[in-house]
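Written out below as structure tokens is the structure these notes cover.
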Amino acid sequence: MFLEFKKEVECVLKDALEKASYKYEDLELEESEHADISSRVAFSLARTQKKPPEIIAEDIVTHLEIPVEDTLIANAVSAGPYINFSVNDLFLHKTLIGIEGGIVSLEKRGKIIIEHTSANPDGPLHIGHLRNAVIGDVLVRVLKYAGYNVETQYYVNDMGRQIAVVVWGAERIAFDNAKKADHAVADVYIAANRMVEENSDFLKEVDELLRRYEAGDPEVVQRYEEVVKKCLSGIQASLERLQIRHDVFVLESEFVRRGAVEAVIEELKQKGEIKRDGSALLLQLKGIEKALVIQRTDGTSLYTTRDLAYHRWKDKNCDRMIDVFGKDHELVSQQLVKALELLGVKAPEFVIFAFVSLPSGSLSTRAGRYISADDLMEKIEERAYNEVDKRRTDLDDGKKREIARKVGIGALRYDMVKVSPDKHIMFDFDEALDIEKKGAPFVQYSHARACSILRAAEERGFVGQSPTGDYDPTLLRERSEIDLIKKLSKLDSIIEEAASELRPHLVAKYARELAEIFNLFYKDCPVLNAEDELRKARLVLVDGARIVLSTVLDMLGIEAPEEM
RNA sequence: GGGCCCGUGGCUUAGCCCGGAUAAAGCACCGGCCUUCUAAGCCGGGAAUCGCGGGUUCGAAUCCCGCCGGGUCCGCCA
């Protein structure tokens with residue numbers, strides 16, 4: 001609803017500026033603590049008009065014509081150089097009605113293919129992949145709420161040397177079937193890697209496997225597929241536990257076998273600036289010092305070339321492509337854009353996140369130095385269980401486990417997405433496992449409180465069939481009631497901002513602030529014990545809060561328990 | 001060495017793209033609030049030369065230049 005209010009303010013202000021014949025570039029609207037929305041336009045007009053901004057603001061206000069009917073604006077006043085607008089009762093009422101009517105984007109926008117996680121199938125997901133996965137997944141959810149048709153893809157790097165190492169190792173070392181599949185694969189990978197490092201003959205065998213796989217040798221392909229499938233099944237199980245699912249898994253080897261990689265190389269030879277180093281092919285890209293190798297001396301393909309073919313394929317199937325990449329892929333992403341431009345493919349958009357490190361140093365699957373996402377989920381759920389157990393002696397164990405799972409995974413997801421992606425994270429076990437901080441549990445708790453009130457209301461027979469059917473919105477006059485409605489009204493602008501700027505942490509911030517404001521309302525305004533009409537109105541508000549809280553939690557991929 | 005990113009109370013961050021009204025939160029610390037819908041909550045307190053130095057501007061955490069500290073990339077790896 002806030003966006004509608006903003007639109008109306010824009011209209012009214014624009015008219016006033018024209019009527020007063022001011023030439024402006026921007027309305028300079030901003031949300032502020034002093035008004036529901038305010039304009040700083042008088043500042044920039046002051047320069048050209050050579051008059052003090054206060055005078056100009058005053059003058060603009062006299063030209064403002066706020067409609068008498070069907071408006072969301074209560075009034076507009078100048079406050080020094082600022083022009084402050086505030087919302088009226090209709091705005092508050094329409095906000096609540098709108099929420100009860102359901103939160104769906106009216107606008108239908110284009111198709112977006114978003115690629116995220118895409119961890120190599122050589123072991124389980126670790127904490128670094130977790131940031132990628134959660135950022136990507138929240139983005140997917142936000143974009144869907146914003147009206148886009150979103151397809152999520154996991155790009156499987158099945159042609160890398162590390163997979164060849166696993167395939168090689170699988171011949172000599174048995175998978176531990178007692179373990180989760182991806183962990184068993186990692187064990188073989190780590191052990192095989194050690195063997196290969198110590199013996200260069202082994203290395204040659206690995207290279208031979210790589211060559212035969214790329215050539216499509218059926219026997220080798222089958223062995224590869226088994227390993228990849230095995231590892232991926234474990235990874236998918238972890239993702240599922242995190243409430244993440246991909247629509248499509250795309251194997252990079254497909255592009256080699258289909259001849260798409262070859263086609264890309266041929267086309268780049270025509271359209272790009274190609275250099276040769278022996279029989280290897282290098283592509284010189286504008287603005288990038290380092291030439292990009294697009295084909296090895298032995299004729300086999302490289303990751304970046306295969307990625308070009310992948311993006312070309314995606315391009316045909318969508319309006320926008322978004323890739324969630326780690327900081328280490330930044331140069332690659334620039335090369336990708338430049339090379340794709342040569343191929344006439346639209347530029348992908350990137351969400352680049354900085355790394356997660358451990359106090360003990362950087363992460364490495366190969367060296368076996370990582371915290372697996374599984375371990376982390378296990379521990380955080382256990383911690384959450386202890387908290388639930390402490391507070392809810394009345395519940396049976398199954399119910400407690402259920403809540404612990406939602407709270408634990410929620411806390412983990414929130415921790416991954418709350419910080420701006422370009423901020424480096426030092427992962428601290430205790431901090432991430434701390435359920436009490438103002439993270440997911442705090443928001444979930446507010447939701448549970450709202451549910452609790454509604455549950456009690458129903459038990460006492462207070463809730464009618466149509467919650468918004470007949471209530472008097474003007475009874476909601478308390479400061480915390482109005483603040484809460486206003487916060488609820490911002491949902492649309494938060495979705496819009498997070499979607500257009502691809503900044504998922506804005507949703508996390510909004511969720512926390514909304515919970516905070518709901519808690520204030522909860523403390524200030526008794527609902528069940530209020531007088532009849534007021535209770536009716538407050539129940540509408542509580543239900544609205546419940547809906548928006550569960551919506552933002554859903555956007556964050558966090559489950560919303562009805563009791564905690 | 002070059003490119004990109006980060007540097008905001010003791011700690012973790014928001015705000016920076018798009019400059020404006022007392023720099024906003026959480027954690028930790030200190031003190032208060034459960035006979036009323038869940039205290040995983042609420043209220044109050046102390047605590048910041050917004051890395052440093054210049055510049056632009058009526059006005060800079062925000063824009064520009066330089067420097068310092070940290071990260072990351074600069075593979076015929078992925």
Side-chain angles (χ1 to χ4, degrees), chain A residues 26 28 30 32-35 38 40 42-44 46-47 52-53 79-82 84 118-120 122 157 159-163 252 277-282 287-290 293-304 306-307 326-332 334 352-355 357 362 384 387-388 390-392 407 418-426 428 431 434-446 448-457 460 501 503 505-506 508-509 512-513 515-516 518-520 522-530 535 538-539 542 563-564:
Chain A
D26 192 284
E28 301 191 47
E30 63 173 358
S32 129
E33 53 193 297
H34 307 275
S38 85
R40 302 184 308 247
F43 278 112
S44 34
R47 199 182 301 264
Y82 299 90
N84 290 341
S118 300
N120 294 337
D122 57 10
N157 301 127
M159 299 202 71
R161 179 168 270 113
Q162 72 287 112
I163 307 306
E252 60 170 345
D277 183 358
S279 54
L281 291 180
L282 286 80
I288 295 174
E289 204 185 333
K290 202 83 184 171
V293 180
I294 57 171
Q295 190 169 44
R296 291 196 184 100
T297 303
D298 67 2
T300 57
S301 64
L302 285 114
Y303 160 80
T304 27
R306 298 190 292 262
D307 216 11
K327 200 83 183 63
D328 56 339
H329 277 53
E330 199 162 42
L331 179 60
V332 168
Q334 286 165 19
I352 302 231
F353 63 94
F355 269 90
S357 61
S362 62
E387 297 296 324
V388 179
K390 228 181 342 195
R391 297 163 224 263
R392 299 299 298 270
V407 170
K418 69 179 180 189
V419 178
S420 164
D422 47 29
K423 225 94 172 188
H424 177 260
I425 293 180
M426 174 75 86
D428 181 329
E431 205 162 306
D434 192 338
I435 300 292
E436 305 221 344
K437 296 195 171 166
K438 282 203 174 169
F442 177 75
V443 183
Q444 289 170 317
Y445 185 64
S446 298
R449 276 180 152 179
C451 290
S452 172
I453 292 174
L454 295 166
R455 215 167 27 236
R460 298 185 203 179
E501 296 177 23
R503 295 201 295 169
H505 71 285
L506 297 178
K509 186 176 172 245
R512 202 200 66 230
E513 290 168 352
E516 217 155 13
F518 178 77
N519 282 336
L520 291 183
Y522 182 90
K523 183 202 48 146
D524 283 354
C525 304
V527 178
L528 300 176
N529 293 332
R535 182 181 61 227
R538 282 183 176 166
L539 280 171
V542 171
E563 60 176 322
M564 283 173 70

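Atom set for the values below is all heavy atoms of this structure, side chains included, hydrogens, waters and symmetry mates excluded. Quantities reported herein were computed from a predicted structural model and do not represent experimental measurements. All chains are named by letter (A, B, ...) in the order of the sequence lines, taking the proteins before the strands, and each is independently numbered beginning at 1.
For A/H505, there are no ring pair (Phe, Tyr, Trp, His ring centres under 6.0 Å) partners, not counting sequence neighbours. Partners of A/A384 by side-chain contact (heavy atoms from CB on, under 4.5 Å), not counting sequence neighbours, listed by chain and number: A/A404, A/V407, A/I435. Annotation: side chain to side chain donor-acceptor pair (under 3.5 Å) contacts of A/R455 (sequence neighbours excluded): none. Under the side chain to side chain donor-acceptor pair (under 3.5 Å) criterion, A/T297 pairs with no residue at all, not counting sequence neighbours. Judged as a side chain to side chain donor-acceptor pair (under 3.5 Å), and not counting sequence neighbours, the contacts of A/E501 are A/R503. Judged as a ring pair (Phe, Tyr, Trp, His ring centres under 6.0 Å), and not counting sequence neighbours, the contacts of A/Y82 are A/F43. For A/A457, the side-chain contact (heavy atoms from CB on, under 4.5 Å) partners are A/F462, A/V463, A/L528, A/L539, not counting sequence neighbours.
Residue-level contact check: A/A354 touches neither bases nor backbone, having no heavy atom under 4.0 Å from any strand. Heavy atoms of A/G160 sit under 4.0 angstrom from primed sugar atoms or phosphate atoms, though from no base atom. Using a 4.0 Å heavy-atom cutoff across all strands shown, A/S38 reaches at least one base atom of the nucleic acid. Nucleic acid contact class of A/E513 (heavy atoms, under 4.0 Å, all strands): none. Within 4.0 Å (heavy atoms only), A/C451 reaches no atom of the nucleic acid at all. A/L520 comes within 4.0 angstrom of sugar-phosphate atoms only, judged by non-hydrogen atoms across all strands, and of no base.
Stacking between A/Y82 and B/A21 is present: the aromatic ring centre lies within less than 5.5 angstrom of the base six-membered ring centre, and the two planes differ by under 30 degrees.
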Is there any protein nitrogen or oxygen under 3.5 Å from a nitrogen or oxygen in nucleotides 56-58 of chain B, and what are the pairs?
{"unit_1": "B/C58", "atom_1": "N4", "unit_2": "A/R47", "atom_2": "NH2", "d": "3.0"}

Would you tabulate the nitrogen or oxygen pairs shorter than 3.5 Å linking the protein to nucleotides 7-14 of chain B?
{"unit_1": "B/G7", "atom_1": "OP1", "unit_2": "A/K423", "atom_2": "NZ", "d": "2.8"}
{"unit_1": "B/A14", "atom_1": "OP1", "unit_2": "A/S420", "atom_2": "N", "d": "3.0"}
{"unit_1": "B/A14", "atom_1": "OP2", "unit_2": "A/K423", "atom_2": "NZ", "d": "2.4"}
{"unit_1": "B/A14", "atom_1": "O2'", "unit_2": "A/K509", "atom_2": "NZ", "d": "3.4"}

At a cut-off of 3.5 Å, list every protein nitrogen or oxygen paired with a nitrogen or oxygen from nucleotides 73-75 of chain B, distance to 0.1 Å.
{"unit_1": "B/G75", "atom_1": "OP2", "unit_2": "A/K290", "atom_2": "NZ", "d": "2.3"}

What N/O pairs connect the protein and nucleotides 25-28 of chain B at under 3.5 Å? Give each pair on its own line.
{"unit_1": "B/A25", "atom_1": "O2'", "unit_2": "A/R512", "atom_2": "NH2", "d": "3.0"}

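Summary of the strand contacts: A/E252 and A/H34 both lie near RNA chain B, and taking for each the nucleotide with the nearest heavy atom, the more 5' one is attributed to A/H34. The residue among A/C525 and A/P441 whose nearest nucleotide of RNA chain B is located toward the 5' end is A/C525.
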Pairs counted only when both distances fall under 3.5 Å, Watson-Crick or G-U: show me the 5' to 3' dot-bracket for RNA chain B, [ ] for pseudoknotted crossings and | for other-strand partners. (((((((..((((......[...)))).(((((.......))))).....(((((..]....))))))))))))....
CA sep, side-chain torsions, deciding dist, call: A/D122, A/I163, side-chain contact (heavy atoms from CB on, under 4.5 Å): CA-CA 6 Å; A/D122 57 10; A/I163 307 306; 4.1 Å; yes
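Nearest to the side chain of A/R296, among B/A39, B/C77, B/C42, sits B/C77. Closest to the side chain of A/I453, from the set B/C37, B/C76, B/G41, is B/C37. When distances run from any side-chain atom of A/E501 to the nucleotides B/C17, B/C76, B/A21, the shortest one goes to B/C17.
Within the 3.5 Å criterion, the main-chain N or O of A/A508 finds no donor-acceptor partner in the side chain of A/R512.
A/D307 contributes atom CG, which lies 11.5 Å from atom OG of A/S301 (distance to the nearest 0.5 angstrom).
With no hydrogens or angles considered, no side-chain donor-acceptor pair links A/N157 and A/R306 at under 3.5 Å.
OP1 or OP2 of B/C18 has not a single side-chain nitrogen or oxygen of A/R40 nearer than 4.0 Å.
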